[in-house]
Structure formats: structure tokens, C-alpha cells
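Report on the structure given below.
Treat the numbers as computed from the prediction; the structure is a model and nothing was measured. One-based numbering, in listed order, for ligands and for the atoms of each.
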Amino acid sequence: MIPEKECDSITLKGIGASPGVVIGPAFLLDYHKVKIPKRQIEEVEIDHEKRRFINAVSEAENQIKQLISEIPKEFRKHSGIFKAHLLMLKDRMVYERTLRLISEEKINAEWALNIALDYVKALFEQVKDQYIRERVGDFEYVVRRVQKLLSGSPSVDFSQLEKPVILVAHDLSPADTVQMAKEKILAFVTDMGSRTSHTAILSRSLGFPAVVGLENATSSILSGETLIVDGLSGDVVINPNDYLLKHYIEKQEDYIQYRLDVIQYSNLPAETQDGFRFKIKANIEFLEEISFVISHGAEGIGLYRTEVMYLARKELPIEEELFLAYREVVERMSPFPTTIRTLDIGGDKLLSSVSQCHETNPALGLRAIRLCLKESSLFRIQLRAILRASAYGDVRILFPLVSGRLEIIQVKEHLEKTKYELQKEGVAFDEDIDIGIMIEVPSSVFLADVLAKEVDFFSIGTNDLIQYSLAIDRGNEYVAHLYEPLHPGVLRMVHRTIEAAHEAGIEAAVCGEMAGEPMYFPILIGMGVDELSMNALDIPKIKRLTRMSNQDRCSSLVRDLLEFSTAQEIRGYLLDFLTADFPEEFDYSQGLYPDFVGRDAMHVPLMTGMKKSVLKPVTE
Ligand code: PEP
Ligand code: MG
């Protein structure tokens, strides 16, 4: 029991997105809030104030023109949104109104501009057309840019930091995350996001503890305050008292000890007690992860997400750069196979250049294979690099977000043309390279028997399959509690896909986050999955659990689960199974899980294998 508050410790509840416990100073990254100074000015200052405003607008113009000039050729046609921003800068409603307010109201430029923005917002609110109404965000964007120039607010300079910090932000795009990771960062804390948002997945790959979906972190935390970030439970403690500090230091030590214990399972095969053997592979994004992947006992790379080389930079990578990176992964993983997924940009992962293509609903927009088929030169460069790397080891190509057979046919045409080109150039590659598709759209589940005839393997991307089948945005903290891997619809889809693959004689892998969550492994084993691919960190614990289980029991569990019609029934039955078969590993007796289920259904099992005392919520 925690003593009554001894100081102003506040605990915020979020979603543990990447495990680990750290303590350190907060650093608030606030792109969105620009302080607006409000000042009455003298008559004699009016001209000066107007000049300040005019100069700031022309500086903003230069910045935007510069951005447009940096858009790679292939994406120039998407520069329209920036061109619209240029027009908005000089729009009468903002530009002239601000100048008028400065002289008529005798107020400083920042204040005048803010009033002009409020006027525009009010006007837009009355517009019926939702699309036009939402364009007010663009006005806001350009006004904030000018406000920043007026107030001279510096962009964040991490090199000035003396010691590592915990980064607190409203939201971080995957590109921001990659960028920030190079700085002195201990952990990430964000208002937005869920466990399967790409930013959360990236933090796990980067090895930073992270808590996301806190909703009010940026309004509750001040830069410099001491924070405890518990990426296991999703708690963030602001200004911890001595009791809490002691508790979390113990938890930190226990977690480190737990990692040391579980890692001993790394080099054992993933085999159940009754002899069912499947492959455990790793999901990676960075070359730097390879040694970790090998030391954690991966039998190959099941998902090499290739977006990182395209993010957080202005120009696209050239073929040689991609080839060298792929070759390094392939050679270092040899003799194990490497599954390279082609570019899955779009949705919540945007290229700085592609992001100019404004989409109201990016998750359903020009994403992944659709973007590649449209921007075929970009696609072909990547295919060339992958094929060239296939001369150096066992490579498989995986195509994301395939929704039907036509896309596979188109993809194969590109692949054949690329092979032909390389042959003509006398460049070596694996002529029989295996190709697979990600099953992450419901239509491909229902067409699985048809699609299985076209490819060599399936890889089920449960993160997106859940998003698209339940219509739940995987990155949205407000619906994170509805993101339900145990939904009967989801389980049936996964089951059906594995069955269709087996009927066609091809393998089915699961590479979404479900694969590495201890709670779901008996289901996937029971369905007879051929491969699980996960963050390397999760491999030893899944191996340990697998070696304690019996596939026959898991299959009969699946038969029972498929009879239920609600996720609640499935969850209850599954928890009973886990508690009965793995009493030491899954302990829900302390009333722990309902609390977590409320926040994030995928959260519960993260701590599997840790001492029960460590599992106790701190508020008990
Ligand atoms: C998935 O959707 O499950 C998946 C593995 O792909 P990503 O998370 O990169 O979208
Ligand atoms: Mg996906």
C-alpha cells in the first residue's frame, strides 16, 4: 500500500508501447504551441510592426519554396498542398486583415495575426462542405509558421542537452522517432498513439521504453520535471516521491533480471512438448538490430520493414544504397533467410515528400503496394536492389497490403521486367526467388485460396488486418480499447488464412504484433502457423512458452474458441486456459488484467515471466 501522497507525484495512465523502466528529466517537445505575446503598441511603432509581419511572411514564403524545391522529381506532382500554402500566406483574410489590425487596433503583429486566424476559423466553421471546412488546418499551419518566425522561437536543438532526457510530445511520426532516436533520449512519452502504431513498433525496434496514448501528457508535464516511464504498465509518474522512486528502481532491476533469465531460451528451438516445431523469426527496421536478432535466437528475418531508409530525409535513397543495406542484412543473417518487404509508405508513415499529397483518409489511401504500383520507378529501384541482394543469401520478397489478385499480377510483371533488365546487364540474382504477400486486408482473407496459387507464402499482418476488419484506427488512442485481436471475426480470418495456405501447400506466417504477445501464442500454435515473426526482444519468451506447451491442447483450445461469438467470452476462456496451463507465467489473481484490458487489450501479457511481486500494480 502506498502511503498518502508525500509530494506532488502524479501518475498518468497510458499504453505501454515498448518495455523497460527509466527515470529521468522530461523534455517537452511542443511543435504545436507557439506563445502569442499580446502588446498594445504606440503610433510610432506601427510601421515597424507591419514591417516585421511582412518580413516574416516573406521568410515563410522562402521556406515553403525551399521545401517545394526539395521534393524529389517523382513526387513533384504532389507539391500542390505547399503551393496552396503559399497562396494562403498572402490571402486577404489573413494578410491584409493583420496589417489593418496592427494599425487600427495598435497591437503587435503576433496578436493581430492570431485575431485574423480566429476570424478565418469562424468563417470556415460555417461552411457545410466538410472537406473545405477541414482546410482551416492548412491556414493554421501557415499562420503558425509565421508566428514562429515572428517570435523567433528556435527549433529544437538537442545538441545543447547536457544529459539524456525523456521526450514528451503530443505525437511523433515514425520519421520524427527515427530522427529523435539519434539524440540523447531515454524514452518516449506521447499523448497520441497505440501499441500497434508504427511509432510504437519503431520504439521497440530502437529499444527505447515508450508510453503512448496518454492523451494529456503535454499539458501535465513540464520540461525539467523528473519522470518515471514504465513501458511495461503504461504508467508515467511525474515528480515521484521517495516511495515511488524506490518501487520503480526495484521494478527496473527486476525487469533487467527477468530479461537475463529469459534470454537463456534464445538458442533453443521453438518446439512444443508433443513435437510441433515452427520457425521463429525477427521483424527488423535497422541494420543495427542484426546482432541483437542473432543473439536472441531468430531463425531468419520474417519481416524487414524497409521504410526507415526513406524516412526522415529529403531525397529518396538510390539503388546502390538500398542494395548495400539489403546485402549486409542478407549476408549477416546467412544461412537463415531474410524476407524483405517492399516499401510500405503511406498511412501513418509518410515520406516527407509524399506527405504533400494530402489525403483525408491516408489509412485507406495511396499506401504500400498501391503507392508502389503507381510510382513504378520507385518500386523498380527497390526491386532491383532486393534482387541484387538475393545473390548473397536466401532472400524472399514480401508485398504489403495486397487486396486482390490483380495487384499480384501487376507486381509480378514488374518483377519479371526487373529480372529481365538485370539478366541483360549480366547482374547476378536468385532467379527462383520466393515471393509472398501480406494478408492484412479482409478481401485477401476471403480470396486466400485464389491468392495462395499465385505466391510462395503468406504472412499475416495482424496489425493492419485488425485495423481494416474492425474499422479501428491502429494509431488512435481513443479507440485503442476497441482494437481487439480476440474478436471472433479476427480469429476466424487468421484461421481461414492459415487453412487456405496449407490447402494450397504454401506456408503461413504471422508477423503482426500478435505473434510476439504471449497471450496469443497458444492460438497461433493451435492453428498450426508455420512461422512467427516478432521483435527480437520477444523471441526468448515465446520460445520458453512454446517449450512448455502441447500443440494438441492448443488445437483443441482453438476449436473451442472458434465456437464463441464475442471477444469477451474468448478472452475469459483463453485466460482460464493460460492460468491453468501456465500458472507461473500468467497470474491474473491480483485483479491485474481487467484494469489493463480497459486501457489496451494487448497489454496484459507483456510482463510474462516476471516475478509476481513486480506484476502488482503500484496502487494496490
Ligand atoms: C501488420 O500490419 O501486421 C504488419 C506487420 O505490418 P506493419 O505493422 O508494418 O503495417
Ligand atoms: Mg501492415
Side-chain angles (χ1 to χ4, degrees), residues 17-18 173-175 177-178 193-206 210 212 280-286 289 298 300-311 339-351 362-372 382 396-403 407 436-445 457-476 480 483-485 487 490-491 493-494 497-498 508-517 520 524 529 531-536 538 602:
S18 179
S173 68
T177 315
V178 174
S194 72
R195 232 184 102 63
T196 52
S197 56
H198 283 112
T199 302
I201 294 172
L202 261 175
S203 336
R204 285 200 283 285
S205 293
L206 293 162
V212 299
I280 290 207
K281 296 186 185 169
N283 295 352
I284 62 158
E285 333 228 357
F286 303 95
E289 290 177 85
I301 303 292
L303 173 64
Y304 179 7
R305 290 185 170 100
T306 56
E307 294 75 43
V308 168
M309 286 178 76
Y310 295 77
L311 296 171
T339 306
I340 306 181
R341 182 178 72 181
T342 57
L343 197 56
D344 186 358
I345 286 285
D348 67 349
K349 279 184 291 192
L350 292 171
L351 284 178
L364 303 182
L366 194 57
R367 189 189 153 182
I369 203 64
R370 304 164 187 179
L371 179 89
C372 286
Q382 190 180 27
R396 314 192 310 163
I397 316 183
L398 180 59
F399 299 102
L401 212 77
V402 167
S403 61
E407 280 163 340
I437 53 168
M438 293 200 60
I439 302 287
E440 42 188 357
V441 179
S443 58
S444 59
V445 173
F457 66 97
F458 283 161
S459 191
I460 308 174
T462 49
N463 306 338
D464 277 317
L465 186 60
I466 298 168
Q467 151 162 280
Y468 293 121
S469 57
L470 300 184
I472 298 294
D473 177 354
R474 63 191 267 191
N476 180 343
Y483 186 93
E484 180 51 273
H487 191 290
V490 172
L491 292 193
M493 287 200 197
V494 174
T497 306
I498 296 174
V510 173
C511 66
E513 295 306 293
M514 244 180 124
E517 299 279 353
Y520 309 122
L524 300 175
V529 73
E531 170 183 320
L532 294 179
S533 190
M534 62 196 74
N535 187 310
D538 298 323
M602 296 181 72

### Query
So, Arg341 and Glu440, do they make that salt bridge, N to O below 4.0 Å?
no
### Query
In a check of side-chain contact (heavy atoms from CB on, under 4.5 Å) between Val529 and each of Thr497, Val494, Val510, which one passes?
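Of the listed options, the one satisfying the test is Val510.
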Only heavy atoms of [X], strictly under 4.0 Å: list the atoms of ligand 1 that pass.
X      : answer
Met438 : 4 (C), 5 (C), 6 (O)
Arg305 : 4 (C), 5 (C), 6 (O), 7 (P), 8 (O), 9 (O)
Asp464 : 1 (C), 2 (O), 3 (O), 10 (O)
Asp344 : 10 (O)
Arg367 : 10 (O)
Gly461 : 1 (C), 2 (O), 3 (O)
Leu303 : 5 (C)
Cys511 : 5 (C)

### Query
Which atoms of the protein, restricted to N, O or S, are nearer than 2.8 Å to the Mg ion (ligand 2)?
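Glu440 OE1, Asp464 OD2, with waters left out.
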Rounded to the nearest 0.5 Å, how far apart are [atom1] of [X] and [atom2] of [Y]?
X      : Y      : atom1 : atom2 : answer
Ser205 : Ile284 : OG    : CD1   : 8.5 Å
Ile437 : Ile369 : CD1   : CD1   : 10.0 Å
Ser403 : Ile439 : OG    : CD1   : 10.5 Å

Heavy-atom pair of closest approach, residues [X] and [Y]:
X      : Y      : value
Asp344 : Ala368 : OD1-CB, 3.1 Å
Asn283 : Ser533 : OD1-OG, 2.6 Å
Arg367 : Pro362 : CB-O, 4.4 Å

Between [X] and [Y], is there a donor-acceptor pair closer than 3.5 Å when you use the side chain of the first and the backbone of the second?
X      : Y      : answer
Asp464 : Leu401 : no
Tyr483 : Asn463 : yes
Gln382 : Leu343 : yes

### Query
Can you tell which part of Ile201 has a heavy atom less than 4.0 Å from ligand 1: side chain, backbone, both or neither?
side chain
#### Entry: Which segment of Leu465 sits under 4.0 Å of ligand 1 when only heavy atoms are counted
neither
### Task
Measure from atom 6 (O) of ligand 1 to every heavy atom in Arg341, Glu307, Met534 and give the option owning the shortest one.
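Nearest option to atom 6 (O) of ligand 1, by heavy atoms: Arg341.
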